[in-house]
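Note sheet for the following structure.
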Amino acid sequence: MEGCKAGDRKMQELLYKQTVSKMLAVCMRYAKDRMEAEDILQMGYIKIFQKIEAYRGDGSFEGWIRRVMVNTAIESYRKNLRSLNVVEIDEAYEQPSTGFDFGTLGMQDLMKVIQKLADGYRMVFNMYVIEGYSHKEIGETLGISEGASKSQLSRARAILKEEIIKMEGFGYATYTG
Amino acid sequence: MQPIQDKDFDQLFKNAFEDAEITPSRNLWSSIESEIVPKKKRIVPLYWLSAAAVLLIAAVGLLVYQQQEVKPKQFANHVELQKAKPIIETSPVSDSSKTITTPVRKVDQVLPSTTQHVEAIAKTAVKEKVRSLGSQKQVTAPEMQKQEIMIAKVEEPKKDIKAKIDEAILQSKDETVLASNANTISIDEVVGEPDHAENKGIRNVGDVVNLIVNKMDKRKDKLIQFRTDDDDSSISSINIGPFRIGKKSRK
């Protein structure tokens, strides 16, 4: 880490190699696909190496890196929001869910389901469920109301459940009991 | 299809993604590295350039300022030196004569007391002779800068001094007394005839006395040299000066 602060290229590469797969998993949750995730990942690492001096040792280093990644993903989402003006949310909801392997629910499956979510739903779901943001924080960060954050979260959950049931069939129903 | 609790549902995802790892399909490091390098190289030089520019300006400004201040002073010094030369030359005459008188007195005082001191004094006396010789040689040597003169003396007279010291040591006390007498005579001459050559020689004598003190007492007394040289112009009580100052510094 000290080497990274000093700008040691080998230490930077070592840090990258030690953390990249975990960080890509973070970025994948926030992205539509792997391409977008890797773009976010790249931006995130550039930020990390530029701002590494700002890390003062509060909390774990990996936690700090993860936070930078998440912030980068959120930033990227907000930029896309402005430029694309997307959000035909129900389109994703209506999408046919063919092509999934039915079997045990692994991380890869959940990732696929999350990535299928509309961007807004995905952001709220990730931030609330995985990262632990409050609805207030999410609303402030994404520029939406707290109520909108809550409703989008419940909507995202509903879509995810439906997709998972499509994937698992009765297997998931039995799992839930 | 049973409804699942939101908490459990969330926990399912949380657990799945907590330590999730996905290896990147392509080598992203090279592109990240290429992004880091140019930015650093571009950003840092800007800071460095600005800092360097500020430093340069400051340095140049200081230099110019100092030169402007120093130049007139230097000229003034040169002028003062040239004008002051005769004055300064005359002033050391009296001082150096005084300094010379001191060893002579000491010779008289010390001779009865201890043989060691007598030898030392004999050395000084002999050296004083040598100095006068060396000083005449060095009369041509430029200017007042004491260090150069000192060095020259140190190199040249050494041989003669050693030889004469050996002779002096071998010789009896009476001869050293004679030497001191000779010195007193020379002092009288100096006092009576303030010639340039003799003046410089006397100066040299004073300097050489300091040199000898240095050789005997080493670094502590080098300070004495400077002090004596500096004080030469002003104070007469320093007749006993070099040795007294030496004692002070030893304390």
Side-chain angles (χ1 to χ4, degrees), chain A residues 4 7 9 12-17 19-29 34-35 37-39 41-50 52 105-111 113-114 125-126 128-132 153-154 156-158 160-162 164-165 169-170 172-177, chain B residues 1-70:
Chain A
C4 292
R9 191 50 37 78
Q12 287 176 340
E13 189 172 2
L14 187 68
L15 177 70
Y16 167 82
K17 282 182 174 171
T19 54
V20 67
S21 52
K22 276 188 181 179
M23 293 310 122
L24 181 57
V26 172
C27 294
M28 288 281 271
R29 281 191 282 116
R34 186 178 273 266
M35 280 291 292
E38 288 181 349
D39 286 346
L41 185 80
Q42 197 168 322
M43 287 188 286
Y45 271 108
I46 290 163
K47 261 191 198 174
I48 284 164
F49 291 127
Q50 284 171 349
I52 197 159
L105 266 182
M107 183 270 287
Q108 298 281 350
D109 301 317
L110 296 179
M111 185 71 81
V113 180
I114 283 182
F125 184 81
N126 268 314
Y128 183 87
V129 174
I130 314 295
E131 261 70 55
L153 175 67
S154 59
R157 279 204 195 105
L160 288 171
K161 281 176 190 172
E162 198 162 316
I164 289 166
I165 289 159
F170 276 101
Y172 183 68
T174 54
Y175 171 80
T176 56
Chain B
M1 193 166 93
Q2 297 290 326
I4 184 174
Q5 292 280 324
D6 283 346
K7 279 185 183 177
D8 296 333
F9 185 77
D10 291 355
Q11 196 61 41
L12 182 71
F13 280 84
K14 218 177 176 180
N15 291 339
F17 291 123
E18 198 159 32
D19 295 319
E21 294 188 23
I22 299 170
T23 51
S25 56
R26 53 198 164 105
N27 184 17
L28 296 170
W29 173 245
S30 56
S31 52
I32 291 168
E33 192 179 22
S34 65
E35 284 282 323
I36 298 167
V37 174
K39 278 184 180 174
K40 275 194 174 177
K41 279 185 180 173
R42 280 169 200 163
I43 291 168
V44 172
L46 278 176
Y47 290 116
W48 279 112
L49 277 175
S50 57
V54 169
L55 279 175
L56 265 175
I57 292 165
V60 170
L62 273 175
L63 279 174
V64 171
Y65 206 73
Q66 283 181 346
Q67 281 179 349
Q68 283 178 347
E69 284 184 351
V70 171

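Lettering follows sequence order; numbering is per chain, from 1.
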Can you measure from [atom1] ([X]) to [atom2] ([Y]) and round to the nearest 0.5 angstrom?
X: A:L160; Y: A:I165; atom1: CG; atom2: CD1; answer: 10.5 Å
X: B:N15; Y: A:L110; atom1: CG; atom2: CG; answer: 10.0 Å
X: A:M107; Y: B:F13; atom1: CE; atom2: CZ; answer: 12.5 Å
X: A:T19; Y: B:E21; atom1: OG1; atom2: CD; answer: 10.0 Å

So which residue, [options], ends up with the most heavy-atom pairs under 4.5 Å with chain B?
options: A:E13, A:M23, A:K22; answer: A:E13
options: A:I130, A:V26, A:L41; answer: A:I130
options: A:M43, A:Q108, A:Q42; answer: A:Q42
options: A:Y45, A:Y128, A:F125; answer: A:F125

| request: Using non-hydrogen atoms and a 4.5 Å limit, figure out which bit of B:E18 sits close to chain A: side chain, backbone, both or neither. | output: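 For B:E18, the contact with chain A is made by the backbone alone.
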| request: Please look at B:D8 and chain A and tell me whether the side chain, the backbone, both or neither of the residue comes under 4.5 angstrom of a heavy atom of that chain. | output: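 Neither; nothing under 4.5 Å.
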| said: Quick check with a 6.0 Å cut-off and a 45 degree axis cone: is A:R29 positioned over the face of B:F17's six-membered ring? | reply: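 Output yes; distance and angle both within limits.
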| For A:I114, is it the side chain, the backbone, both, or neither that has a heavy atom closer than 4.5 Å to a heavy atom of chain B? |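 Only the side chain of A:I114 comes within 4.5 Å of chain B.
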| Which portion of A:R157 sits near chain B, non-hydrogen atoms under 4.5 angstrom |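 The answer is both parts of A:R157.
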| said: Restricting to non-hydrogen atoms, name the atom on B:I22 and the atom on A:A25 that form the minimum distance, rounded to 0.1 Å. | reply: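 Here B:I22 and A:A25 meet closest at CD1-CA, 3.8 Å.
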